[in-house]
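Comments concern the structure below.
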Amino acid sequence: MFAAERRQLILEMVRANGAVSLRELARVVQTSEVTVRRDVRALEAEGLLDRRHGGAVLPGGFTRESGFPQKSLSATAEKTAIADLAAGLVEEGEAIVVGAGTTTQELARRLARVPGLTVVTNSLLVAQALAHANRVEVVMTGGTLRGSNYALVGSGAEQSLQGLRVSRAFLSGSGLTAERGLSTSNMLSASVDRALVQAAAEVVVLADHTKLGTDTMFQTVPTDVITRLVTDEPPVPDERAATELQALADQGVQVAVAGATPTGGPADPAPPGPPQRRDVPLPGQRRNVTQGGPHQLRTAGALTDPATGDRERAARVADLRRR
């Protein structure tokens with residue numbers, strides 16, 4: 001394929017999907033990511049698209065929302081790894097809310113195996129994934145059906161969430177930045193997602209690396225409200241995505257990376273089992289979090305061994321007795 005043909009195809013994919021990863025572009029045009037990155041840089045110079053962390057988006061900085069068929073085919077392997085890791089956060093007998101999206105749909109498929117679980121959702125796709133799970137109770141919000149993502153939105157959905165309190169909310173979106181947090185391209189979807197957040201003690205964001213650094217029109221969850229981010233390992237050349245992850249961690253977000261390669265030497269072949277996980281350490285104390293719930297977030301100081309303080313107090317008492 002000639003360079004002009006390749007770039008035309010890349011441009012058509014970005015226009016059709018709103019945002020496409022370099023990995024996906026390279027697969028479609030059957031060339032290396034290095035070549036695709038060069039093509040994307042050339043198209044950006046012409047003002048035809050914008051480069052983002054590990055991908056390309058429509059020009060102007062704010063991507064439009066892709067339809068469900070495009071979303072379901074984008075970053076499928078990454079979404080699977082993220083869903084596998086996120087499912088491990090859910091405990092037996094827990095009550096949670098799950099928002100709309102193809103990544104949360106993958107999570108729902110894995111939650112069908114958690115006994116005694118109660119899932120509140122505005123997503124028909126999430127409800128469908130759990131419809132035949134005998135030990136999971138599904139609670140649907142009211143609202144108006146939004147066909148592009150099979151979600152219930154509007155005042156009916158928001159009102160049905162009033163007075164609700166659950167342990168965790170699992171949300172996805174169109175973009176995630178350390179500066180602005182999670183965002184989406186649709187006002188009605190953003191409003192319902194904010195209502196879901198208000199119902200939860202903790203907020204877990206599921207976002208693959210192509211969404212890191214992407215900012216869209218309507219803010220859903222500010223960064224200081226996000227408890228944890230579950231994402232995938234960014235491509236090695238994508239330093240900007242790694243920088244964005246570190247910026248999120250610096251603001252107190254716990255970052256769990258599915259499929260991460262441990263640092264310190266060459267990686268051995270991964271044993272069979274669930275995806276590997278890497279938590280980016282929190283550099284400081286977390287912002288204020290409501291205390292008293294069984295699933296409250298612990299700061300770094302709360303993880304200190306209490307036995308250490310006991311030994312110090314005992315030593316001081318013994319010294320006083322000797323005096």
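Position 1 is the first residue of the sequence, and the numbers go up from there. Bear in mind the structure is a predicted one, so any value in this text is a computation, not a measurement.
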### Task
Flag the pair Glu24 and Arg27 as a salt bridge only when some basic side-chain nitrogen lies within less than 4.0 angstrom of an acidic carboxylate oxygen.
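A salt bridge links Glu24 with Arg27.
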Do the non-hydrogen side-chain atoms of [X] and [Y] ever get within less than 4.5 Å of each other?
X      : Y      : result
Ser189 : Arg146 : yes
Asp208 : Lys79  : yes
Leu171 : Val221 : yes
Leu89  : Val230 : yes
Leu164 : Val166 : yes
Thr177 : Glu244 : yes
Val28  : Leu25  : no

Under 3.5 Å side-chain donor-acceptor pair for [X] and [Y]:
X      : Y      : result
Asn186 : Thr184 : no
Gln162 : Glu158 : no
Ser174 : Lys211 : no

Donor-acceptor pairs are to be reported for all side-chain atoms of residues 127-141 against protein atoms at under 3.5 Å, with residues two or more places apart or in another chain.
none

### In one Ile/Leu/Val/Met/Phe/Trp/Tyr side-chain cluster, 4.5 Å: Leu145, Leu125
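The answer is yes; both residues are in one hydrophobic cluster.
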### Query
Are any side-chain N or O atoms of Ser183 and backbone N or O atoms of Thr216, one a donor and one an acceptor, separated by less than 3.5 Å?
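Indeed, once roles are kept as given, a pair shorter than 3.5 Å links the two residues.
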### Query
Once you round to the nearest 0.5 Å, how far does CZ of Arg38 lie from OG1 of Thr31?
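OG1 of Thr31 is found 8.5 Å from CZ of Arg38.
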### Query
For atom CD of Glu179, is the number of surrounding heavy atoms from other residues, nucleotides or ligands below 6.0 Å larger than 12?
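Atom CD in Glu179 is not packed in, count stays at 12 or less.
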